[in-house]
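Down below is the structure, laid out as structure tokens.
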Amino acid sequence: MSQQGYVAAPPYSQSQPGIGGFGPPNSSIHYGHYGDPNSSYSAPQPGVSKSAVPFGSPAPVGPPPPGAQQFSPNSFQNGSGTPGQQPQRFQGPPPPAQLADQLNSMQINSYGPGTAPSSSVSPGHRAAFQGPQVLPPAQQQMGLPPAPQLPPPPANSVNGLCAQPALPPVARQGGIPGPVPPNPNLQHLPGQPPGPGYHPQQANYGPQMAAPQLSYPGAFPGGPAQLAGPPQKKLDPDSIPSPIQVIENDKAARGGQVYATNTRGQVPPLVTTNCVIQDQGHASPRYIRCTTYCFPVTSDMAKQARIPLAAVIQPFAAVPPNETPLYLVNHGETGPIRCNRCKAYMCPFMQFIEGGRRYQCGFCNCINDVPQFFFQHLDHMGRRIDHYERPELSLGSYEYVATSDYCRDKKPPNPPAFIFMIDVSYRNIKSGLVKLICDELKTLLDKLPREEQEESSAIRVGFVTYNKVLHFFNVKSSLAQPQMMVVTDVAEVFVPLLDGFLVDFEESRSVVTNLLDQIPELFADTNESETIFAPVIQAGMEALKAAECAGKLFLFHSSLPTAEAPGKLKNRDDKKLLNTDKEKTLFQPQGNYEALAKDCVANGCCVNLFLFPTQYVDVASMGLVTMYTGGTLYKYNNFQLDADSPQFLSDLRKDIQKKMGFDATMRVRTSTGFRATDFFGAIYMNNTTDVEMAAVDCDKAVTVEFKHDDKLNEDTGALIQCAVLYTSLSGQRRIRIHNIGLNCSSQLADVYRTCETDALINFFAKSAFKAILSQPLKTVRDILVNQTAHMLACYKKNCASPAAVSQLILPDTMKVLPVYMNCLLKSCVLASRPEIPTDERAFHRQLIMAMGVADTQLFFYPLLLPIHSLDLKSDAVPAAIRCSEERLSEGGAFLLANGLRMFLWLGASVSSELIQGLFNVPSFAHISTEATSLPDLDNPFSKKLKHILAQIQSQKPHTMKLMVVKQREQPEMLFRQFLVEDKSIYGGASYVDFLVCIHKEISQLLS
Ligand SMILES: [Zn+2]
């Protein structure tokens, strides 16, 4: 224990009655054991009373402690505070000064209603972003040609819309709209009652949104014939909003700073901006990001804007070492203090009254008695004098120790277990995969995750191999040799041994090592090529159940399970289903996999699946259990031992060591007036409120949608509390709490000003990918386009100053919504193209359902770095460029990463010096494109690039395999799919074309 800063803080010491009463004498670790070992105790500031010692943030970057002077109670407490009075740290993205050049050059103006068009491009108007009620949000306005003059796109567009090759020039903007054909489905405007068959509030793909009524206006029925028209000049890509500019502006404004979460409704820095987060009463954006930080007060307003009200919650997100980890709070035998009525947990949103004897719940307003052990006097501000001493009173995030009431059968849980289940059929043996796995496990099992304060991991391990039958292994430490037990009855799987199956690796090291040495030999001569799958999961689950513990299965599997057994699958991949109403069936599971998943969740059994397919394996079915149980699916197509081992082993190592919670249930509570209505993620829902997760790790995020059920209150705001009950790595039952407060406003402009496009895209991706299980893909794509247009049209109509119909006006916070939305529409999941393997689409769908905001941002808009101009003297990563072919250069080298793959693209005339430095070969022609990694060379350029690669990789859950691509060679086609601003090879619209399409939609909505 080196975190004396926490241990020494008197408020958390063992002697406090009712707080530290848990565990052994050294239980002070419960308060500080998450701490950064390097952090040091910050002594109380002069003039600050002892009780105000901050329990957090001895961060090296030197943020001030959460002292009273900057920690206003108004900032998060329910009731008295008004957001307008609080210090606003948010300076508003992006600084207009930096945009000015760009804006001027492209005839796009940024201004709000009542402001002269030119005024807000002057730096002086930065202040406009600093207070909620000062000015309406900044916006981007651009002249685009009158929409109706646009030709329809060719039929081969992937989005089914918006793909025309050329556009009228910007200069044609005249502000005079052409005739707009009336569209009966879209006639109603914001504020008007919805027309028949069209319900703007039903943005989440309800069954009532039948396809015929939803048919996207101007649904581009035409084929190439309609393309006729004069050749048109292309719109200058530099004149439309750049995602890179937005990202860089935010970095410049907020990067490297301390972001304190002391203000309700404060918009955090973008997910792409590095900063140090200090919890001062609201959950860090690493844990919760919202689509907007200001909810409309009424559901009518919400329906008008159609901005999804959602939070992306990543409850176990990793925090960097310079940020304070979560404190563990123990309320003793009675368990955590909770509101009698709504069961919300004690948190900063509770208002203490009557001298501290009672408190009013911020969520349901119920008045509760303060339990005696928790009583504390209030100061002259009405705040408890121990406010800063208790995480549950002053922090956005913390954990509670749960009592036996929170355990299955009221019994404390056993530590979790990992079971390794290896497919030993012919192909896996011959490819060397089985030996690779066994060799790796021998060293990897020393790195099982453990609690910070513990020396070894409490996790027990077990081993199973299988082909058409199951082999269980007894690896009890007292045995000289491991023992194998074969289960041939796969219809009714039972666990043949309890004692000796799940063991402590330390204790059984020699037997386990012996086993791992023997497995490849044992099956060396196998010619069994058929496999089972569902019975393997069943067996793992039964073993955990028998051992009365939660845990995680690691399955290493290669083929479609065709052996006669439950869960047998057949190849049902049928390209003829594409673009039909039955396409959705390709994403639905076969057979009983859903029931199996449900069983696994009920028993706290998480399933991790490592797939090594050479052909269709029905990922939609095989991956379902993984997705529903909070597991991770890894897929290595045509696995080659030499080329692909590094990627696989890196994934396996990362996965095994992940910090995570087991047997988890998440509950999201809200203040009155709204509630959580839909949940998207690697989760299972048994009812409408409890999110069940057999396990939840640092990378998994649940996206929660909220709806109004009453009017919200601008004074008290919209409060959210997410509680995750789970079993820790050591087998302790805990409740992790994340609280966040949002503002509410009757002004739509406030809602738009605080939107976060990255979170919006996460929401749209997940809701669309859920919807494709039940609706035709075209309907889903249409809804996405439709809703985008609606959100932007509502802004133009209600928040922007009057502008010509031909003006496309984008709110500042949604400037890049169209480009990101187009990327989502072009993603392989939504692209119904026969060239894209069905398994690949199902795989991406399942991955994205579980992603957090940072991962979806990178996935949909890849990072593209020019590496030929690396600054070798600086540690910095070069500034990214836009994902478009025209940003590449023949003489350059570019790195592209999207979280799953990485490409190194080399221009045909890239300098030989660079080639030598990177590949140690004399010329372009000598570069091998077979390599999946760069050689380790002793020169600064190579080292720098390797460092950048490692840096990009380190923050991502999946290991990205590197592919070297030479300009004008065939594999370049693959790379080009990731140049997402361009027209896709599968026909998806370019960014420019999509923007024009959206503009047309907006014009129609407003005409
Ligand atoms: Zn309550």
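First listed ligand is number 1; within each ligand, the first listed atom is number 1. The basis for the numbers below is simple: all heavy atoms, side chains too, and nothing from hydrogens, waters or symmetry mates. Being a predicted model, the structure only gives us computed values, none of them experimental. The residues of the chain are indexed from 1 along the displayed sequence.
- Residues satisfying the ring-ring contact (aromatic ring centres under 6.0 Å, His included) test with Y628, not counting sequence neighbours, are Y684.
- Residues passing the side-chain contact (heavy atoms from CB on, under 4.5 Å) test with D699 are K658, D697, P957, sequence neighbours excluded.
- Between H708 and F706, the distance separating the two ring centers is not shorter than 6.0 angstrom.
- Residues satisfying the side-chain contact (heavy atoms from CB on, under 4.5 Å) test with R358, not counting sequence neighbours, are I353, E354, I367, D369.
- In this structure, F363 and F349 have perpendicular ring planes: the angle between them is above 60°, well past the 30° mark.
- Tally of protein N, O or S atoms closer to the Zn ion (ligand 1) than 2.8 Å: 4.
- Using bins of under 30°, 30° to 60° and over 60° for the plane-to-plane angle, the ring pair F763/F680 lands in the perpendicular bin.
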